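Below is one structure, written out as structure tokens, with a few remarks after it.
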Amino acid sequence: MTDLRRALSEAVGAAFASADLPAELGRVTASDRPDLADFQCNGALAAAKSARRDPREIGAQVVAQLRENPVFKSVELAGLGFINLRVANGVLSERVREISADERAGGQPAETARRVMIDYGGPNVAKPMHVGHLRSSIIGESLKRIFRFRGDNVLGDAHFGDWGFQMGLLIIAASDENPHWRAVAEELWRTPDGPKPQEEDRFIALLLEGLDLDTLDRLYPSAAAKAKQDEEFRDRARKATAELQAGKPGYLRLWRHFVAVSRKALQREFEALGIEFDLWKGESDADPLIPEMIETLKAKALLVQDQGAQIVRVAREDDKRELPPLLVVSSEGSAMYGTTDLATILDRRRTFDPQLCLYVVDQRQGDHFEQVFRAAYLAGYATDGSLEHLGFGTMNGPDGKPFKTREGGVLKLHDLIESAREKARQRLHEAGLGVELSEVAFEDTAHKVAMAAIKFADLQNFRGASYIFDLDRFTSFEGKTGPYLLYQAVRIKSLLRKAASEGAQPGLAVVEEPAERELALVLDGFDQAVSDAYAKRAPNFIAEHAYRLAQTFSKFYAACPVMGADTPAQRASRLAMAQTALRQLELSLGLLGLEAPERM
RNA sequence: GAUCCCGUAGCUCAAUCGGAUAGAGCAUCUGCCUUCUAAGCAGACGGUUGCAGGUUCGAGUCCUGCCGGGGUCGCCA
């Protein structure tokens with residue numbers, strides 16, 4: 001089963017071929033001018049260039065042949081040599097029936113399935129998620145679903161930031177803050193009258209009381225700030241980082257506590273966002289591979305000593321500017337984030353052997369990934385081109401600068417979600433929607449609406465661009481927003497419920513009216529949207545399609561009465577179209593990570 | 001300073017391999033609820049695509065320069 005665009009491309013390509021021109025010229029796209037055509041082909045223009053002939057002459061030849069084909073309702077040569085195509089209603093009807101019968105609503109799998117690793121989310125120990133994590137999470141989750149839908153074997157990894165210098169900072173900060181915590185770090189409790197081995201865990205738990213996420217959240221920023229100014233403090237933290245990585249028992253105990261506390265809270269937040277990771281691997285998991293990796297780098301003469309550190313030079317002669325080397329071992333002997341990233345590539349190769357690995361990380365880390373990727377290719381840890389950094393822009397405040405709270409701090413994700421939920425509740429009440437719902441169902445709807453508002457606002461933008469976060473606008477519930485999409489889906493569900501209660505069944509789709517034709521064409525465009533999103537790793541193509549679909553359905557809904565159709569056959573046809581539109585809409589929403597409620 | 005990204009309607013954003021009249025939403029204005037959820041639909045208004053050149057039959061898209069904004073440039077991630 002194939003979409004019309006591809007089927008028509010074959011027909012037009014054959015016409016080009018019989019005119020002794022390359023069949024690729026027959027590439028058909030959705031028309032730019034819906035008033036003139038359903039589809040168009042610009043191949044005659046391209047052919048004119050290489051064959052040095054008049055495009056209209058070539059076009060006329062192709063058009064003459066296509067007119068023989070009953071698939072087309074009309075074939076016109078327009079302008080400089082555009083070939084305008086309208087397809088017969090019967091062809092559209094048949095296509096709608098196909099999509100209707102297809103579990104995937106017309107979205108085709110990719111030709112060959114690959115093993116794909118997606119690294120996104122990037123939560124860190126001791127840092128509650130803030131708005132900066134939102135984009136990576138939302139975009140990464142959507143890409144994971146899109147790739148999976150296309151048939152790839154995909155694993156999503158949270159890549160938990162649990163290992164670098166920040167851990168040393170936290171250990172020192174916690175030790176300085178409270179003698180009990182210091183006792184754990186330094187194992188001071190190991191005295192002759194200290195706890196017996198079987199009591200140790202319970203004893204340590206007592207010592208660690210109060211060292212919760214809020215405390216970590218307070219300690220980390222102040223420690224990070226202090227390290228910038230206070231050289232002595234910074235050196236202690238660096239030393240602690242190296243000692244932790246060397247396996248100092250007290251530090252490990254403290255560290256495991258940080259990790260456990262953080263992870264529990266973070267998982268709750270991801271759950272609220274509707275984000276599920278297949279793997280929750282940490283940077284620390286790559287640590288055991290580092291010694292061996294260093295040996296390999298040495299054996300390949302890639303690792304060199306420089307200014308007390310060990311580095312891999314990744315600059316190339318044709319670089320327009322000098323790319324700094326990758327720091328593998330710091331002068332303190334500790335692993336840097338480039339070290340763990342490189343070791344993680346090795347780890348992934350051994351455990352999953354991905355053919356493609358996507359890093360959904362802030363654009364600002366572009367240089368870092370370039371360094372790591374080059375080092376990985378040099379070391380033979382990945383095949384050339386299999387590692388891709390998908391950078392995204394920042395989420396900005398109303399002033400166009402990176403998002404800050406009114407007080408100038410970083411907005412926590414939890415607070416952002418709650419304020420979106422509150423807005424959603426308000427708007428639902430204002431619109432008088434959801435009044436008949438139970439309190440639990442109402443909350444569930446409000447949550448879905450809030451998530452849709454936030455996620456759709458993000459995903460409708462091309463990921464590389466920055467955008468202005470404006471909660472009032474996203475939750476305004478009008479126009480091109482997530483809630484609009486949910487509303488349309490809910491409207492269709494309501495219609496189908498009504499039909500079911502009156503015993504009306506969907507039947508054979510027959511496309512007749514202009515609004516029905518338009519809906520059929522949009523339904524057909526799903527595969528194009530999915531393959532674009534897949535090829536460009538850009539969910540905004542799905543977002544655009546979902547919106548077009550919702551809007552086109554709404555037009556159809558206004559123009560074509562369903563339950564009040566003229567004949568039972570027409571009613572059955574329209575019900576089939578509504579049902580198909582709903583399934584494709586919900587599939588699209590699913591690819592974006594949105595979920596429509598049953599009622600609102 | 002070097003380098004990368006961005007600059008499109010009053011605002012927020014799209015735009016397929018370089019193709020026709022650059023599309024949406026918001027805002028403003030005009031219609032449409034005794035008929036399936038009006039968070040909707042139909043329509044109007046709104047543009048020298050930052051500026052100046054170049055390549056091309058054809059440029060928002062490719063090239064050069066300039067202006068404006070942002071990022072990055074070795075031991076933080």
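Excluded from the calculations below are hydrogen atoms, water molecules and symmetry mates; all remaining heavy atoms, backbone and side chain alike, are included. Throughout, protein chains are lettered first and strands after them, A, B, ... in sequence-line order, and every chain is numbered starting at 1. Quick caveat: nothing in here was measured; it's all calculated off a predicted structure.
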Inset, instruction - Specify whether A:Trp255 and A:Trp163 have parallel, tilted or perpendicular ring planes, treating 30° as the upper limit for parallel and 60° as the lower limit for perpendicular. - result: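 Perpendicular: the ring planes of A:Trp255 and A:Trp163 meet at over 60°.
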Inset, instruction - Please work out which of the three classes, parallel, tilted or perpendicular, describes the rings of A:Tyr359 and A:Phe373, given edges at 30° and 60°. - result: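 Rings of A:Phe373 and A:Tyr359: tilted, as their planes differ by 30° to 60°.
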Determine the contact category for [X]: base if any of its heavy atoms lies under 4.0 Å from a base atom, sugar-phosphate if only primed atoms, P, OP1 or OP2 are that close, otherwise nothing.
X: A:Tyr557; answer: base
X: A:Tyr484; answer: sugar-phosphate
X: A:Gly161; answer: nothing
X: A:Asn461; answer: sugar-phosphate
X: A:Cys560; answer: base
X: A:Met563; answer: base
X: A:Ala78; answer: base
X: A:Asp54; answer: nothing
X: A:Gln528; answer: nothing
X: A:Lys536; answer: sugar-phosphate
X: A:Ile311; answer: base
X: A:Ile468; answer: sugar-phosphate
X: A:Leu428; answer: base
X: A:Gln488; answer: sugar-phosphate

Kindly indicate whether the side chain of [X] and the base of [N] share any N or O donor-acceptor pair separated by less than 3.5 Å?
X: A:Tyr487; N: B:A39; result: no
X: A:Ser494; N: B:C36; result: no
X: A:Asp306; N: B:G74; result: yes
X: A:Arg238; N: B:C75; result: no
X: A:Asp341; N: B:A77; result: no

Does a side-chain N or O of [X] approach OP1 or OP2 of [N] to a distance below 4.0 Å, or not?
X: A:Asn540; N: B:A15; answer: yes
X: A:Gln363; N: B:G70; answer: no
X: A:Lys555; N: B:A42; answer: yes
X: A:Arg473; N: B:A27; answer: no
X: A:Ser554; N: B:G40; answer: no

Legend entry - Between B:U28 and B:C36 - C1' atom distance, rounded Å: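 Pairwise C1' distance, B:C36 against B:U28, rounds to 32 Å.
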What does [N] pair with, Watson-Crick or G-U, if both distances are under 3.5 Å?
N: B:A2; result: B:U72
N: B:G7; result: B:C67
N: B:C32; result: B:G40
N: B:G60; result: none
N: B:G47; result: none
N: B:U55; result: none

Inset, instruction - Could you check A:Asp38, A:Leu8, A:Ile83 and say which one makes a side-chain contact (heavy atoms from CB on, under 4.5 Å) with A:Val28? - result: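 So the option named by the test is A:Leu8.
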Measure [atom1]/[X] against [atom2]/[N] and give the value in whole Å, please.
X: A:Asp472; N: B:C11; atom1: CG; atom2: P; result: 19 Å
X: A:Phe469; N: B:C13; atom1: CZ; atom2: C1'; result: 16 Å
X: A:Lys448; N: B:A39; atom1: NZ; atom2: C1'; result: 18 Å
X: A:Glu478; N: B:U37; atom1: CD; atom2: P; result: 20 Å
X: A:Leu485; N: B:G40; atom1: CG; atom2: P; result: 11 Å
X: A:Phe556; N: B:C41; atom1: CZ; atom2: C1'; result: 14 Å
X: A:Met395; N: B:U12; atom1: CE; atom2: C1'; result: 15 Å
X: A:Lys480; N: B:A14; atom1: NZ; atom2: C1'; result: 6 Å

Legend entry - A:Phe526 and A:Leu549, any side-chain heavy atoms less than 4.5 Å apart: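 They are not in contact (no side-chain heavy atoms under 4.5 Å apart), so the answer is no.
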Legend entry - Contact check, side chains of A:Val259 and A:Phe160, non-hydrogen atoms, under 4.5 Å: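 Yes, close enough: below the 4.5 Å cut-off.
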Within a 6.0 Å radius of atom [atom1] on [X], are there more than 12 heavy atoms belonging to other residues, nucleotides or ligands?
X: A:Glu388; atom1: CD; answer: yes
X: A:Glu430; atom1: CD; answer: yes
X: A:Arg548; atom1: CZ; answer: no

Legend entry - Closest-nucleotide ordering on RNA chain B, the 5'-leading residue of A:Gly464 and A:Glu544: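 Closest to the 5' end, via its nearest nucleotide, is A:Gly464.
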Inset, instruction - Using the closest heavy atom to pick a nucleotide of RNA chain B for each, name whichever of A:Ser466 or A:Ala424 lands nearer the 5' end. - result: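 The residue whose closest nucleotide sits nearer the 5' end is A:Ser466.
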Legend entry - Glycosidic conformation of B:C6, taking syn as within 90° of 0 and anti otherwise: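 Here the answer is anti: the torsion falls beyond 90° from 0.
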Inset, instruction - If the glycosidic angle is within 90 degrees of 0 it's syn, otherwise anti, so just tell me which one B:C17 is. - result: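 That one's syn.
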Legend entry - Under the side-chain hydrogen bond (donor to acceptor under 3.5 Å, both in side chains) test, residues paired with A:Thr241 that sit two or more places apart: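 side-chain hydrogen bond (donor to acceptor under 3.5 Å, both in side chains) check on A:Thr241 returns nothing, list empty.
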Legend entry - Stacked pair A:Phe462-B:A14, distance under 5.5 Å, angle under 30°: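 No; centroid distance or tilt outside limits.
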